[in-house]
Structures are given as structure tokens and as C-alpha cells.
Amino acid sequence: MVMTTRRDMRRITVAAGMLLAAAASAGAGGEARAEPVSLTISCGAIGVELSLCRDGVAAWERTTGNTVDIVSTPNSSNERFALYQQILGAGADDIDVLQIDVVWPGMLAPHLVDLSEHMGDAPAQHFPALIENDTVDGRLVAMPWWTDAGVLYYRKDLLEKYGHQPPESWPDLTRIATDIQQKERAAGQSDLWGYVWQGRAYEGLTCNALEWIDAYGGGTVVDADGRVTVNNPKALAALTEAASWVGKISPEGVLTYDEEAARGVFQSGKAVFMRNWPYAWALAQSADSPVKGKVGVTALPPGGPEGKTTGTLGGWHLAVSRYSKHPAEAADLVRFLTGAAEQKRRAVEAAYNPTIPALYKDDEVLAANPFFGQLYQTFETAVARPSRATGDGYNRLSAAVWQRTQDALAGRVTPEAALARLDRDLGRLSRGGRW
Amino acid sequence: MSATTGAGGRGSTRTAAVFLSPMMAVLALVAVWPLARTIWFGFTDASLTAPGDYGLVGFANYLEAYDGAWYGILADPTWWRALANTLIFAAASVTLETVLGIAMALVLNAEFRGRGWVRAAVLVPWAIPTVVSAKMWAWMLHDQFGIVNAGLMALGLIDRPVAWLADATTALPAVILVDVWKTTPFVALLMLAALQTVPRDCYEAARVDGIPAWKVFVFITLPLIRPALAVAVVFRLLDALRVFDLVYVMTGNAEATMTLSVHARQQLVQFQDMGYGSAASTLLFLVVGLVTILWLAVLRPDRSAVAGQREGAGA
């Protein structure tokens with residue numbers, strides 16, 4: 001700037017003048033069109049999630065004349081939550097529409113607008129359990145956007161090659177994965193692993209752990225009344241099975257994997273099985289995917305004959321910040337994005353699971369996602385994280401679950417000791433079940 | 001320096017106070033006030049959900065007996081683990097950085113062709129933002145795609161990939177090594193600056209007398225760069241004790257590498273427990289203060305040297 005010449009100055013002045021003129025004419029145009037407003041939305045920041053969000057938002061912009069900025073937020077749900085906490089805690093109006101995780105409504109409710117009067121009869125179209133999840137103290141603080149449950153991906157070609165069926169229980173999966181891994185490695189593919197999943201110390205490991213425990217009939221860590229139930233023989237059987245994988249059919253590095261890291265290994269053809277959310281389907285089947293056409297999806301297996309097929313309930317919802325300057329327009333954007341047409345588009349283009357049951361009978365949706373019919377069953381038996389029983393304490397509970405689970409998985413302590421310690425930790429956190 | 005203060009007397013002390021007061025006011029605003037707030041919140045049950053709505057709980061965040069059990073940070077094994085990790089990290093990384101930094105400075109101080117390029121090149125790790133280098137190293141240490149494993153396997157040092165950051169025994173050493181990689185240039189730079197103030201004739205005299213190189217280093221170089229060394233170590237120690245970004249980016253909240261800052265952030269931000277998190281931050285502040293005081297006490301004989309360095313810097 002020190003070196004600015006007179007010619008530079010003139011250029012800057014001209015540019016500034018043009019900007020002002022543009023701003024003035026934009027303002028004038030706005031008056032004619034009934035005050036278009038400008039909103040901000042935070043949705044997925046990368047890849048297909050971002051492009052889906054951008055297209056959906058653009059469609060709403062076209063019909064209303066309003067403009068919407070997409071703000072980038074961290075990809076990790078833990079990080080995103082922290083960011084929201086800071087923005088909302090400060091009462092800032094930086095983000096009008098927030099994409100929130102299924103476990104957050106209880107924690108963020110004080111900062112969110114009651115959407116019920118803006119939604120008309122839309123809530124009745126969604127899965128009742130999700131609407132219930134988003135209703136805190138009688139206020140509808142969010143609308144479901146897409147739902148999720150953990151599912152099992154497998155390599156159809158490899159299972160066929162060695163004459164296996166998709167696993168019917170977790171021990172069955174262990175057996176099949178061991179067999180294929182051994183034979184493939186003997187045949188020269190030395191970096192093939194049996195099973196990849198999410199073992200990093202974060203929310204994703206809590207989801208995996210909950211699935212194992214529920215599959216064996218070991219409950220939900222904390223029951224609906226807030227009592228800590230995790231230290232039981234069935235949960236022990238589940239954790240023991242999982243701990244037996246690390247270093248055998250799962251690489252030790254699985255303890256640093258999140259969803260994308262696991263997908264990276266599976267999609268590059270280096271794993272037989274993968275636990276992930278449904279979003280990985282469209283990516284595994286994309287044109288540049290090395291495993292395109294070789295992937296099957298099924299529900300996560302039960303623990304054994306007495307266990308059940310399950311999956312941790314996930315999914316993302318849209319909420320409007322109480323500090324938004326344009327709550328009515330923001331609510332309208334939420335109504336549009338969570339509506340049936342938009343959810344159908346997302347399901348067809350990228351396998352995002354609708355929260356509207358009717359869409360699971362839609363031919364186009366089923367043609368794009370043949371496994372959706374089966375997934376519909378999974379949603380009925382899916383296990384919810386105990387966020388309602390624990391309220392504000394949920395994040396602490398989750399951290400205790402992933403830390404103690406990881407201890408057992410890494411072999412730092414026995415599964416017995418890990419569960420006993422988790423039981424004590426949760427007892428301390430809840431001061432004896434009073435969260 | 002002594003000349004100006006000596007001649008000015010009381011009048012110039014007052015002038016100094018006038019000139020210093022804006023800076024003191026700014027310091028009070030940006031340093032003392034937030035610190036005092038943090039200490040205050042440590043005695044409350046404030047939550048990030050509604051920061052304005054809180055009650056006083058005394059020392060409950062630190063230690064409290066409830067139903068026959070102990071609660072609070074000082075009864076939290078995770079916090080003690082974080083304390084141990086922090087002290088190990090600080091001791092190991094600062095020691096390695098100091099030794100390597102001096103070695104690097106000695107090399108750079110020598111005359112050789114292309115010295116300017118090498119000096120610029122060693123600074124690269126220090127110039128890369130920590131978050132970037134942490135992410136980069138996390139990928140390089142990745143068990144499936146990482147170049148570190150590929151290299152070690154090609155050399156035949158390991159027969160299968162090691163999950164450096166997943167294994168509790170290798171995660172902390174890995175993080176320490178990355179910190180050493182990143183921060184050694186900083187120490188080297190300070191040491192190099194100090195080395196260049198050492199008079200050449202000392203070395204020439206030593207060479208004429210035929211004194212071995214190690215003796216020259218121990219009896220001439222080291223005492224002369226000691227003040228700068230003390231400053232560099234204090235800087236690094238303070239940084240290492242409150243390390244956050246490197247650890248958090250590489251291993252997240254994993255207990256194997258959790259430091260006091262990571263622990264405090266988790267309580268404050270992730271668990272929204274402003275009271276408990278503030279108490280944890282206060283303890284971190286106390287630990288950093290305590291270690292620094294201890295270190296300065298160890299250096300006590302060098303006080304005059306440190307003061308000399310300060311005067312030298314001021315002149």
C-alpha cells in the first residue's frame with residue numbers, strides 16, 4: 001500500500017464507485033421484489049454433502065428471490081458442536097439455519113426457534129420418532145433432514161469367490177473376514193484387511209460400541225430412566241468380540257479411523273467388510289470407485305441367536321437460530337429443504353435416507369438405492385443414543401464410552417476391566433443415575 | 001541504559017510511568033481481565049449453554065466429597081493422565097529441541113557454500129502453520145497410506161505397517177517427534193544469533209593454543225551463548241506446557257496423548273461445562289507458572305547473565 005501510485009489510486013476510486021453503483025441498483029431491484037433477504041446456512045462442508053446442499057439451496061433461492069450463503073463448518077461432529085456452542089452462546093446471528101446432529105436438540109434447544117407454526121402439517125409426514133426427538137419441552141426445535149443408521153458394507157465379489165454368504169452374526173463376520181483375509185493375503189494381496197470401522201476416540205466409536213452392545217442384547221449403556229446398565233454379561237460378550245478384531249481382521253490403525261478414513265481403506269479395495277453410514281453407498285458406486293459394482297450392503301448382524309439386527313440411529317436435522325434476523329424466511333428454507341421433493345432428490349442422487357416413510361416406497365428412490373427397503377427395517381430396530389435420558393450430560397457420557405471402549409480395543413485393559421471402569425465413570429458423571 | 005535512568009531521577013520515572021500506562025491498560029484489558037474471569041468462573045457452575053446464569057460452588061470443581069466419593073478435577077484420573085502427558089511432552093520435546101537446535105546452529109554458523117540457502121531451508125518447518133504440519137504428519141504416519149511406514153518397510157526395518165498414532169506406546173513419542181521437527185529451527189535460529197555475537201578472536205586464540213573442539217564448545221561457546229539458551233528454553237517450555245493444536249489435530253481427544261490444554265478444552269467446549277473447564281484452565285495456568293518458577297530458580301546462578309542478555313537486547 002505504501003507504494004500506491006496515483007494511477008493505482010484512480011483505479012481504486014473507479015472500482016469503489018462501480019461497487020457503490022452496483023450496490024445501489026441491487027437495492028433498487030430489491031424493493032420491487034418485496035425485500036429479498038440474505039440468509040446463511042451451515043451444512044456439510046465437503047464433497048457430495050456440500051454439493052447437495054448447494055443445489056437444494058439454489059432451488060429455494062430461485063423460487064423466493066432470497067440469497068443464501070453456505071458457511072463452512074468442521075466436518076467432525078464434535079468440532080461442529082463446539083463451534084455452534086460458541087456462536088450461539090455469544091448470541092451471534094452469523095448462522096440462520098443450522099444443520100444439527102440427531103443428539104443435539106436437547107442441548108441446543110434454548111437457542112433454537114420453535115418451528116411448529118412455520119411447518120404446517122409437514123411434521124406429520126416424517127418418522128414420528130424423529131419428530132419426537134426434535135420436540136423439546138413441547139417446542140419443535142428442528143426438522144429431520146436425513147436419517148441414518150450404521151450398516152454393513154461387504155465385497156460381493158470376494159464373498160462369492162470364497163463361497164460365503166453375508167454374515168448372520170458378529171462371530172460369523174469374524175470367521176468370514178479371517179478366512180478371506182488369509183486366503184487373499186496368501187494369494188498376494190498383502191495389505192487386505194477383513195473389517196474396517198470407526199475406532200478413533202470420538203462420537204463415531206460410541207456409535208459402533210452401542211451397535212455391538214445392542215446387537216448382543218446388552219442394552220443402551222444408560223436406560224431410559226438414566227440408570228447405568230452397561231456393565232452386564234452381554235455387553236461384555238460384545239466388547240470381547242470387538243476387541244478380538246484389532247490387529248487380526250482390523251488394522252491397529254482402525255483406532256484412529258473416522259468414517260472417511262474407513263471408507264478410504266474400503267473403497268480402495270483393501271477391506272472385505274466396512275461399517276459405515278448409508279452415504280458411503282453412492283460414493284462406493286461412483287464412476288471412479290475401484291470397487292464399483294462389487295459392493296453389497298446389509299444390516300449389521302446380530303450378536304448371536306439371541307441378539308438382534310441393529311444400527312445406531314444417526315442423521316442430521318435443520319434448526320433455526322433464535323438470534324436470526326429473518327426467522328420466518330429461515331424457517332421457510334428449512335421447510336423447503338426438509339420437504340418430500342428435496343429429500344427425494346437427495347435420496348436418488350446420493351443415497352441420503354429420507355425421513356419421510358412414504359419415500360421408501362417411491363420407485364425412483366428404490367431404483368437408485370436397492371438396499372433402502374431393507375434399511376427401512378433397520379430404522380425400526382435401530383438403537384438411539386441415550387441422549388434424552390442424559391440431557392446435558394450426553395457428551396460426557398459419550399466421551400467416557402469411547403475412551404473406555406478404546407482401552408479395551410487397544411488391549412490396554414481387559415474388556416471386563418473396561419466395562420467396570422465405564423460403569424464407575426458413568427456412575428460418577430451421573431452421581432448415581434441422576435443425570 | 002543505566003546512564004539514562006541515573007541522570008533522569010524522579011522526573012523521568014514519572015515520564016516513564018506516563019508512557020507505560022497505555023500499555024498497562026491494554027495488558028489489563030487483554031490479559032489480566034480474561035485471566036481473572038477464568039479464575040472466577042472456576043468457582044461457579046456456569047454452563048456454555050447459558051453463560052450468564054450461574055451460581056457459586058466454591059471449590060467443588062477442584063475437589064468435593066459427595067455421597068462418600070470424591071469428585072472434581074483433582075479426583076479425575078483423566079486429568080492426572082493429562083498432567084503426566086504434558087510434563088513428559090514438555091521435558092522430552094524441550095530437551096531434544098535444545099540439543100538439536102544447538103547442533104544445527106553450530107553447523108549453520110560454519111562457513112560453507114550455499115549457507116544462505118540451508119539457513120532458509122531449515123526454517124521451513126517453523127514457517128508452516130502448526131495445524132497444517134500436524135495434519136501432514138498425521139497422513140505421513142497413517143498406517144495404510146503413510147509414507148513413514150512405506151519407507152521403513154522398504155528399508156526392511158519393520159515387516160508390517162505400524163499404527164503410530166493409534167498405539168498408546170507410540171502415539172506420545174510420535175507427537176513429540178513432530179514437535180521437535182517443527183520447533184528445532186526456532187531454537188536453532190536463536191542459538192545462531194547468539195553464536196554470531198561470540199567474538200571471533202576467542203576461537204582464534206583457542207586454535208592457536210591447539211585446544212580440542214569439544215573443549216572450545218564447553219568452555220567458550222556454551223558459557224557465552226548461555227543467556228540466549230536460557231531464554232530459548234523458557235520460551236519453549238511455556239509453549240510446550242500449553243501445547244494444544246499439534247496434539248489435538250494429530251490424535252484428537254485420545255487419552256494416550258491428551259495434554260492439560262486438550263483436557264481443559266474438552267471440558268469447556270465439548271462438555272459445555274464452563275465452570276469445570278475454567279477450573280481446569282486455572283490449574284493449567286498454575287502448572288505452567290509453577291514449572292516456570294522452578295526452572296528460573298534452577299537458573300538462579302545465571303540471573304546476571306539473563307539480565308545481561310536483556311540489556312544486550314535492549315541496547
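Note on naming: letters A, B, ... go to the chains in the order of the sequence lines (proteins, then strands), and numbering restarts at 1 for each one. Scope of the values below: all heavy atoms of this structure, side chains included, with no hydrogens, waters or symmetry mates.
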**Prompt:** Hey, are the side chains of Pro251(A) and Arg160(B) touching, using non-hydrogen atoms and a 4.5 Å cut-off?
**Reply:** no
**Item:** Min side-chain heavy-atom separation Lys270(A)-Phe145(B) under 4.5 Å
**Value:**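 They are in side-chain contact.
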Given a strict heavy-atom distance threshold of 4.5 Å, which part of [X] is in contact with chain B: side chain, backbone, both, or neither?
X	result
Ser268(A)	side chain
Tyr257(A)	side chain
Tyr202(A)	neither
Ala82(A)	both
Arg424(A)	neither

**Prompt:** Among Pro161(B), Ala256(B), Ala163(B), which residue forms the greatest number of heavy-atom pairs with chain A at distances under 4.5 Å?
**Reply:**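 The answer is Ala163(B).
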**Winner by heavy-atom pair count (cut-off under 4.5 Å) against chain A, out of Asp273(B), Asp76(B), Val162(B), Thr78(B)** =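 The candidate making the most pairs under 4.5 Å is Asp273(B).
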**Request:** Give me the contact list for residues 87-95 of chain B versus chain A, heavy atoms only, anything under 4.5 Å, ordered by residue number.
**Result:**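 If one takes a 4.5 Å heavy-atom cut-off, no residue of residues 87-95 of chain B lies near chain A.
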Chain A contact via [X] - side chain, backbone, both or neither, heavy atoms under 4.5 Å:
X	result
Tyr71(B)	both
Met274(B)	neither
Ala75(B)	both
Gln270(B)	both
Thr251(B)	backbone
Trp139(B)	neither

Residue [X] excluded, over 12 heavy atoms near [atom1] under 6.0 Å:
X	atom1	value
Ile158(B)	CD1	yes
Lys248(A)	NZ	no
Tyr66(B)	OH	yes
Arg227(A)	CZ	no

Of the non-hydrogen atoms in [X] and [Y], which two are nearest, and what is the gap between them?
X	Y	result
Ala166(B)	Gly253(A)	CB-CA, 4.1 Å
Asn395(A)	Phe271(B)	O-CE2, 3.1 Å
Asn253(B)	Gln403(A)	O-NE2, 3.8 Å
Ala201(A)	Ala254(B)	CB-CA, 4.0 Å

**Asked** Quick one: do Glu255(B) and Arg404(A) make a salt bridge, cutoff under 4.0 Å?
**Response**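 Yes, this pair counts.
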**Message:** Holding to side chain to side chain donor-acceptor pair (under 3.5 Å), I want the full list of residues that pass it with Ser261(B), two or more places apart in sequence or in another chain.
**Reply:** none
**Prompt:** Can you check side chain to side chain contact (heavy atoms under 4.5 Å, CB included) on Glu252(A) and Asp143(B), steps first, answer last?
**Reply:** CA-CA 8 Å; Glu252(A) 275 108 356; Asp143(B) 63 315; 5.8 Å; no
**Asked** Looking at Gln86(A), Gln406(A), Met107(A), which one has more heavy-atom pairs under 4.5 Å with chain B than the rest?
**Response**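 Looking at each option in turn, the highest pair count goes to Met107(A).
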**Step-by-step side chain to side chain donor-acceptor pair (under 3.5 Å) determination, Gln267(B) to Arg396(A)** = CA-CA 8 Å; Gln267(B) 306 300 324; Arg396(A) 276 185 189 278; 2.9 Å; yes
**Request:** Test Phe81(A) against Val269(B) for side chain to side chain contact (heavy atoms under 4.5 Å, CB included), laying out the working first.
**Result:** CA-CA 9 Å; Phe81(A) 181 75; Val269(B) 179; over 6 Å; no
